[in-house]
Amino acid sequence: MQSGEMEAAQEALMRFVRNFGLHQPDRTPCGQPLPVSEAHAMVEVAREGRIRQVELARRLRLEKSTVSRLVTNLAGRGWVHRETADGDGRGVLLVLTDAGATAAARQADARRDRLTALLDRIPDDQRATVVRALQILAEASVEPS
């Protein structure tokens, strides 16, 4: 990669992070007053219905202790309930409460609305290219194991 390309990519990524609000640790990209890590956890629990806490840590790429605190916060909000995993006395299973399902749906709606508004500002003939570029960037950001 040439130096100019790297600098342009870095500048564009930094501008996107700032403009979209990703650098604000106490707000999700959809503008909900919730830490980004908790918002991502809600997405995963809502998607699965029930998920082991250790699996949530793996998906979020966070340490077990960090996820434990995060889940404690979600439980404190009344959004997540912890259960003992079947056949494993040490395993913790996470389930959304009714209030959690409502909160997750509200967050999903806000996220969808914000992304729709963003994509609507991209010319029609370039939208698919932008979406594909985001997919490629996400795939490239996966650390080799």
Side-chain angles (χ1 to χ4, degrees), residues 1 3 5-122 126-145:
M1 173 181 285
S3 176
E5 280 182 313
M6 192 279 301
E7 289 171 5
Q10 182 174 339
E11 179 63 26
L13 185 59
M14 287 175 29
R15 284 183 54 218
F16 175 76
V17 165
R18 290 179 191 143
N19 292 344
F20 205 62
L22 298 175
H23 67 300
Q24 300 171 1
D26 60 338
R27 297 181 63 82
T28 65
C30 59
Q32 300 293 306
L34 183 70
V36 174
S37 59
E38 291 181 23
H40 279 267
M42 291 291 287
V43 168
E44 293 300 328
V45 178
R47 178 181 295 148
E48 295 300 324
R50 306 165 78 81
I51 188 170
R52 287 179 174 266
Q53 188 166 310
V54 68
E55 175 61 15
L56 180 62
R58 187 190 69 73
R59 289 185 187 185
L60 297 180
R61 299 175 185 262
L62 295 173
E63 296 295 324
K64 291 179 190 177
S65 60
T66 300
V67 171
S68 182
R69 285 189 302 274
L70 182 154
V71 170
T72 296
N73 292 344
L74 293 176
R77 293 176 191 272
W79 291 352
V80 171
H81 172 73
R82 290 179 175 113
E83 297 178 358
T84 302
D86 292 336
D88 181 2
R90 291 182 11 195
V92 177
L93 198 59
L94 306 173
V95 182
L96 288 181
T97 63
D98 289 342
T102 299
R106 186 174 53 246
Q107 292 164 25
D109 289 344
R111 202 171 34 256
R112 185 176 37 258
D113 291 348
R114 180 130 188 249
L115 188 55
T116 296
L118 175 67
L119 291 174
D120 282 348
R121 291 193 296 269
I122 296 171
Q126 295 178 22
R127 197 169 298 132
T129 302
V130 168
V131 170
R132 183 63 189 137
L134 287 170
Q135 291 168 331
I136 291 168
L137 186 61
E139 291 164 13
S141 68
V142 174
E143 293 289 329
S145 41

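- Atoms OG1 and CD, on Thr102 and Gln107 in that order, are 11.0 Å from each other to the nearest 0.5 Å.
- Note that CG of Leu93 and CZ of Arg50 are 5.0 Å apart. Values are rounded to the nearest 0.5 Å.
- No more than 12 heavy-atom neighbours from other residues, nucleotides or ligands sit within 6.0 angstrom of CG on Asp98.
- Taken to the nearest 0.5 Å, the CG atom of Leu74 stands 14.0 Å off from the NE2 atom of His81.
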Steps toward side chain to side chain contact (heavy atoms under 4.5 Å, CB included) verdict (Glu55, Glu48):
CA-CA 11 Å; Glu55 175 61 15; Glu48 295 300 324; over 6 Å; no

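- Distance check, rounded to the nearest 0.5 Å: CG of Leu134 to OG1 of Thr129 gives 11.0 Å.
- Judged by distance alone, the side chain of Thr72 and the main-chain N or O of Ser68 form a donor-acceptor pair under 3.5 Å.
- In this structure, Ala46 and Ala104 approach most closely via the heavy-atom pair CB-CB, 3.9 Å.
- Contact annotation: the side chain of Glu44 approaches that of Arg47 to within less than 4.5 Å [non-hydrogen atoms, C-beta and beyond].
- When every heavy atom of Leu60 is checked against every heavy atom of Ser37, the shortest pair comes out as CD1-O, 4.2 Å.
- A salt bridge links Arg112 and Asp109; the closest N-O separation between the charged side-chain nitrogens and carboxylate oxygens is under 4.0 Å.
- Crowding of Glu63 atom CD: a count of heavy atoms from other residues, nucleotides or ligands under 6.0 Å not exceeding 12.
- Looking at Gln53 and Arg82, their side chains come closer than 4.5 Å, going by heavy atoms from C-beta outward.
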Val80 vs Leu96, side chain to side chain contact (heavy atoms under 4.5 Å, CB included): CA-CA, chis, key distance, verdict:
CA-CA 4 Å; Val80 171; Leu96 288 181; 4.1 Å; yes

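- Checking side-chain atoms of Arg127 against main-chain N and O of Leu119 turns up a donor-acceptor pair under 3.5 Å.
- The CE atom of Met42 lies 10.5 Å from the CG atom of Leu70; values are rounded to the nearest 0.5 Å.
- Between Trp79 and Val45 the shortest side-chain heavy-atom distance does not fall below 4.5 Å.
- Separating the CZ atom in Arg58 from the CG atom in Leu56 is a distance of 10.0 Å, to the nearest 0.5 Å.
- Between Val142 and Arg61 there is a side-chain heavy-atom pair separated by less than 4.5 Å.
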